[in-house]
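Proteins get letters first, then strands, A, B, ... in listed order; numbering begins at 1 in each. Here the structure is a predicted model, which is why all the values come from computation and not from measurement.
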Amino acid sequence: MTRADPRLRLAVLAGKTTAWASRGLGLGGGTTLPGDVARAIDPQVLRKLGASPRQGIVLVTGTNGKTTTSALLRQIAASAGWRAGGNESGSNLIYGLTAAAVAQSDLRGRMELDWLVLEVDELSAALAARELRPGILVVLNAFRDQLDRSFEVDQVAARLGEAVAALPEAAMTVLNSDDPRIAALEGGPNATHFGIEDRELDRGGLPESADRPVCPRCGGSLRFESVYYGQCGDYLCPACGWSRPLPTVRATRLLTIGLDHMELTLAGPGGGVGPVDVPLAGAHNAANVAAAAAAALAMGASWEQIRLGLEEFRPAFGRSQVVPWRQGQVRLLLAKNPAGMEASLEAVLGAGSGPVLALALNDGIADGTDISWIWDVEFERLARGGPRWIVLSGRRAAELGLRLRYAGLDGSRLLLRPGVEEALDELAARSEPGMPAPALLTYTAMLAWHRAVVATGGAQPFWTEGR
Amino acid sequence: MTGSSSLRLGLLYPREMNLYGDRGNVLALVRRAALRGVELEVATLGLDGGDPREIQSCSGFLIGGGQDLDQLALAHDLVSRKGPALREQVASGAPLLAVCAGYQLLGDHYRTAAGDLIPGLGILPLRTEAGRRRLVGNILIAASPGLGLANPLLVGFENHSGRTILEPGLAPLGKVVRGGGNDGDSGAEGAVLGSVIGTYLHGPLLPKNPALADWWLFAAADRTGAKIDRSHLDDTAEEAARREAIRITLRGSRSRGYRLLGRRPRIRRTG
């Protein structure tokens, strides 16, 4: 802003005051409401603030992995010596983005930042692209998620296409080669792709939760040569000949060690990195790291800076975070849709994670009010092995229990504990010393569990983490 | 029970019509059949299969929900290729449960918001037109007593923009207690005609409405003469999930308030 803009200043001031009041009154982190207030005063507030970061703005969107990928990017940026900020709390609708921008800005509406890295909801991505004019857009994937809200995966993909189309001409797109719907987006001359190229990760077929593999070009049936997670893998269309675009940044070797770290090798233009130890697990996270590396290269980072960033990275809120509860420890894992739940289950079972596991299912707005998706998850694998006890919690604990019985689990393994504290107590009591008991939680369940742990002094409020 | 009793479920288009956990319905039928001493075999009647002979070998049918494109892609196959044999089967009493998009496909036609006319099987005298507002949320209905369900309260989730209009004389499946139903204001939900039921209660409807699963199984057994144990089963887990869903549905949907705030993305979908 060269000229003073009284309306912008008022919007920023009001937004900041709201955030401060919201925290003071104990209403939560103030991660959305300040955005509402600021936009009510100046509808252009985000557009104006978006001009401020010195190097530019990166938007990260897609169904799964937004929070992790943008946290990775902010860490790489920090390790490269840039000042980077964003919406660490995960509030990713347009109001959340506005609240984050207001929080990062001074009272004159300026951000002392090199990069603003924001995760954005798939359905808000086009609007965010128009208002913020980002230099880089990262599109991760399109899975079934919250169908009560976003309805159909094809529509989500169409909205992601609108976001790409809304970008400024010089902007870069970073697209996932492995997800056919994303790979088929028209990224223009500045498109770059990332993907997995480690055949040892092949799961040998599409999971039940994957959608019918339709060729985005001709509508024919895609043939998968390998499947890494969800409907992501190596594919081609026998009907029209369209095939997976070759990624420029590739995860060439992945070794997952337990539930919380992996050794990953990346290759790409001008070299690569690894094996590097990253505190994340699973093929889906290898894709997130490859996405972050591709975006970081687009931002002008070197492979050396990327390596440094990955080594210094710590997982985002609720992504495999270990917290204490009474005499035990609990590992919180977000599992908000079939693909996420299956990835987390895979990681938990692969790690041989002890005698007890918790699942918590809520049906709040942020979780998706339709819980039908649990019937698409292959919980049958828990009938074949896994922890001796399963603690079931959340507003829809009973339906989760029914799902597990129909998956073939014996009722004696299921412990119905709908409340947060009773579930945590049960989990802690049955866990083995030194082995955090895993809990797979939908979004608001994660917030509730985290809040309970914060109340006992076991963790920091989530809006202060990662700062 | 002899244990040799068996039934065959014809599952229509499971690859395309499985949008909202429709697999749960198959699991429920297979499980309850087993508890009732019947082996339920599942035959997949997809786009690349399901010739008339295969359809004739089935004791009953199930069709789920799907995306618009899928509905368009299979409408022709359903109407022209599978239609005649299916019609014959249900006319002789084979149960057919159709959910969401599958329900729309049983009518005369479905006109989408884009103006496409998707032809239906015409088994049920009804038609569906695209509506302006989507009906999304938990739904509770009281099923018509004529069905003789052990428990007539059915609970589920609906998500559709289509408005389904029943021809005079066609009975609805039930009355809406909470939710939208066929059109959002007539108070009618679904349709029932002989051994055919169509409903907007989508996805995993049968696990937590075991009375409806039993309706399907008993009708299939009646049709084929298979021996089936009709005694009361221990439904403690099913009842717990039911009570939980009914409680949340009656408490009212917070999503409505959310919509008033104007923050809910408004997307029109047809299907």
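Interface remark: of the candidates A245(B), A240(B), P207(B), A28(B), P207(B) forms the most heavy-atom pairs closer than 4.5 Å to chain A. With respect to chain A, the highest number of heavy-atom pairs below 4.5 Å among D22(B), L27(B), N25(B) belongs to L27(B).
Residue R23(B) holds its CZ atom at 5.0 Å from CZ of R403(A), rounded to the nearest 0.5 Å. Here L400(A) contributes atom CG and E244(B) contributes atom CD; the two are 9.0 Å apart, rounded to the nearest 0.5 Å. If you take CZ on F157(B) and CD1 on I371(A), they are separated by 9.5 Å, rounding to the nearest 0.5 Å. Separation of atoms CG (D370(A)) and CG (N159(B)) is listed at 7.0 Å; rounding is to 0.5 Å. If you take CD on E238(B) and CD on E399(A), they are separated by 11.0 Å, rounding to the nearest 0.5 Å. Distance check, rounded to the nearest 0.5 Å: OG1 of T369(A) to CD1 of I248(B) gives 10.5 Å.
G21(B) and W375(A) make their closest contact through O-CB, 3.7 Å (heavy atoms, listed as atom of the first residue, atom of the second, distance). Minimum heavy-atom separation, L402(A) to A241(B): CD2-CB, 3.8 Å.
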